[in-house]
Amino acid sequence: MFCLIDINNFYASCECVFRPDLVRKALIVLSSNDGCVIARSQEAKDLGISMGAPFFEIEHLIKRYKVNVFSSNFTLYGDMSRRFSEVVASFSEDLEIYSIDEIFLKVPSHEENLNGFGNRIRKTVFQYLGLPISIGFAPTKTLAKVANFFAKKDPVYGGVCVLETQKDISHALKILPVEEIWGVGRKLSLKLRGLGINFAKDLSEADPKWIRKIHSVVLEKTLRELQGIPCFSLETAPSSPKSIQVSRSFGRTLSKTEDIQVPLSSFLEQGALKLRKRGLFAFGLYFYLGVKTTKAGRLFFLSKFLVFPEGVQDPRLMVESVFKALPSIFKEGVFYKKAGILLINLKPQEAQLTLFSSQAPFKGSSDEKYKTLFKAVDRLSKKHGKRSLCLASSLSSYWEPKRKNMSPSYTTKWTDLPFVVIR
DNA sequence: TCTGGGGTCCTAGGACCC
DNA sequence: TCTGGGGTCCTAGGACCC
């Protein structure tokens with residue numbers, strides 16, 4: 001059995017821990033620049049304040065109902081999240097930290113009373129951290145998400161919902177709207193509804209092969225998970241990130257080079273810090289600027305990609321390269337709203353000078369020889385980050401073995417390259 | 001006027017190879 | 001003149017998650 005533990009209204013609940021007087025009051029947390037709503041207490045949700053709503057649009061509600069407003073404090077939330085996982089880890093060794101406020105758990109085999117187990121976790125987390133949580137139990141991760149949904153929405157469960165029997169599962173799927181399924185987003189739910197799949201039950205009863213054909217293998221897995229067949233396993237080992245991003249909206253428009261350089265270098269500094277903390281080097285980096293378009297709220301992004309064939313971790317080096325390349329996307333007189341950097345191709349060690357080799361057979365003239373070599377360099381360049389240097393090349397002749405049991409042999413001669421090839 | 005920030009993964013289609 | 005079939009790799013774009 002899987003179990004999904006989720007903190008209710010996480011950011012809002014974190015703020016309440018330090019302001020107990022605000023428990024059971026309407027409270028919201030705003031994004032950076034206090035632009036829009038990113039978390040709401042239950043009472044704020046009940047007032048009709050929606051997720052992601054721009055602050056100016058709900059200002060009248062804030063005033064009328066005296067809603068408590070907080071700017072976000074991600075350092076605090078990150079710290080609470082870490083403590084949350086420490087407490088939960090004392091209940092089971094097999095756990096996956098899925099997000100800042102969610103943890104998947106494999107239920108230890110000796111736990112027979114799931115409701116009791118769930119209530120013990122709830123009590124402990126509240127006692128140690130003051131955070132309210134919801135818990136869902138089920139045979140697959142997707143179904144545990146479903147169980148968690150009901151544990152949170154329906155007060156009859158008291159925060160713990162167990163979906164174990166076929167009857168309970170079937171009943172839950174019958175009333176769960178398709179867009180509430182884990183992995184089914186806005187677009188997909190519209191598509192599914194168009195096909196007459198309105199509830200989770202409909203998806204679970206569809207033909208898996210057909211679902212794969214009309215959408216993807218992932219949705220097929222989701223379908224099987226709804227049937228109780230586990231397709232997504234617990235990812236217990238914390239994985240190394242594949243990209244690191246730092247970005248911000250400015251809150252006002254910027255149009256001078258120097259004004260853009262300040263946030264960019266700060267982002268690179270923060271990105272580099274994250275790299276160092278994890279012992280990673282970036283072999284590529286994007287930086288981008290967002291310009292407001294005529295369409296309300298829409299941004300258009302200009303970006304530039306830089307390659308670091310030997311890997312970077314040093315922020316000064318990154319800043320230098322980015323500033324140098326900035327004019328290629330920056331224009332005087334344009335008003336920028338947002339900027340960011342994205343570090344990719346992250347690897348644990350600084351690259352050594354590596355020699356790559358490639359072999360390609362050919363017969364014939366000297367022209368063909370160079371053609372073959374160019375091709376080999378091209379292939380290597382593509383394979384190893386689009387920039388490589390052809391330092392040397394050799395030609396080998398092949399000799400048939402003269403006797404049985406003898407391996408074929410090669411003689412190698414280094415060629416005189418007329419020039420060095422840089423790609 | 002004012003609209004977040006940080007991730008992952010899949011697919012389609014083209015280029016290329018044998 | 002006839003013109004297969006199977007594979008890999010890469011990229012852009014889209015969708016999803018919190």
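Letters go in sequence order (proteins before strands), and every chain restarts at 1. Hydrogens, waters and symmetry mates are skipped; everything else that's a heavy atom, side chains included, is used.
Contact annotation: A/Arg252 does not reach the phosphate of B/dC2 (side-chain N/O to OP1 or OP2, under 4.0 Å). Close to B/dT1, at under 4.0 Å from its OP1 or OP2, lies no side-chain N or O of A/Lys292. Phosphate proximity of B/dG4 to A/Ser32: absent, as no side-chain N or O sits under 4.0 Å from OP1 or OP2. Look at A/Lys242 and you'll find a side-chain N or O under 4.0 angstrom from OP1 or OP2 of B/dC9. Checking the phosphate oxygens (OP1, OP2) of B/dG4, no side-chain nitrogen or oxygen of A/Lys337 falls inside 4.0 Å. Taking side-chain N and O atoms only, A/Lys338 has no distance below 4.0 Å to OP1 or OP2 of B/dT3. A close approach under 4.0 Å does not occur between any side-chain nitrogen or oxygen of A/Ser31 and OP1 or OP2 of B/dT3. When the side-chain nitrogen and oxygen atoms of A/Ser216 are compared with OP1 and OP2 of B/dC10, none of them lie within a distance under 4.0 Å.
Proximity note for A/Ile38 (side chain, C-beta onward) versus C/dC18, B/dG7, B/dG4: the nearest is B/dG4.
Contacts of A/Asp34 with the nucleic acid, taken as non-hydrogen atoms under 4.0 Å apart, are absent. Contacts of A/Glu102 with the nucleic acid, taken as non-hydrogen atoms under 4.0 Å apart, involve only primed sugar atoms and P, OP1 or OP2. Using a 4.0 Å heavy-atom criterion, one finds that A/Lys221 contacts no nucleic acid atom at all. Residue A/Leu188 is in sugar-phosphate contact alone, with no base atom involved, counting any heavy-atom pair closer than 4.0 Å across all strands shown. The residue A/Ile7 sits apart from the nucleic acid: no heavy atom pair falls under 4.0 Å. Note on A/Ser243: only backbone sugar-phosphate atoms sit closer than 4.0 angstrom, heavy atoms only; bases stay farther off. At the heavy-atom level, A/Phe10 lies nowhere under 4.0 Å from the strands shown.
The distance from atom CE of A/Met1 to atom CG of A/Leu105, rounded to the nearest 0.5 Å, is 12.0 Å.
For the side chain to side chain contact (heavy atoms under 4.5 Å, CB included) criterion with A/Phe2, the lone passing option out of A/Leu143, A/Thr142, A/Asp94, A/Leu234 is A/Leu234. Looking at A/Ile135, A/Asp168, A/Leu114 one by one, the single match for side chain to side chain contact (heavy atoms under 4.5 Å, CB included) with A/Val162 turns out to be A/Leu114.
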A/Asp207 vs A/Lys209, salt bridge (Lys or Arg N to Asp or Glu O under 4.0 Å): CA-CA, chis, key distance, verdict | CA-CA 6 Å; A/Asp207 175 16; A/Lys209 281 192 188 131; over 6 Å; no
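Rounded to a whole Å, the OH atom of A/Tyr286 is 10 Å from the C1' atom of C/dA12. In this structure, A/Asn33 atom CG and B/dT1 atom P are separated by 18 Å, rounded to whole Å. Atom CZ of A/Arg186 is separated from atom P of C/dA15 by 8 Å (rounded to the nearest Å). Whole-Å rounding puts the A/Leu61 CG to B/dC2 P distance at 21 Å.
The backbone N or O of A/Leu76 sits nowhere less than 3.5 Å from a side-chain atom of A/Asp79 that would complete a donor-acceptor pair.
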Dot-bracket notation for DNA chain C, counting Watson-Crick and G-U pairs under 3.5 Å, with | for partners on another strand | ....||||||||||||||
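Under the 30°/60° scheme for interplanar angles, the aromatic rings of A/Phe117 and A/Phe137 are found to be tilted.
By the 4.0 Å N-to-carboxylate-O rule, A/Glu220 lies close enough to A/Arg224 to be salt-bridged with it.
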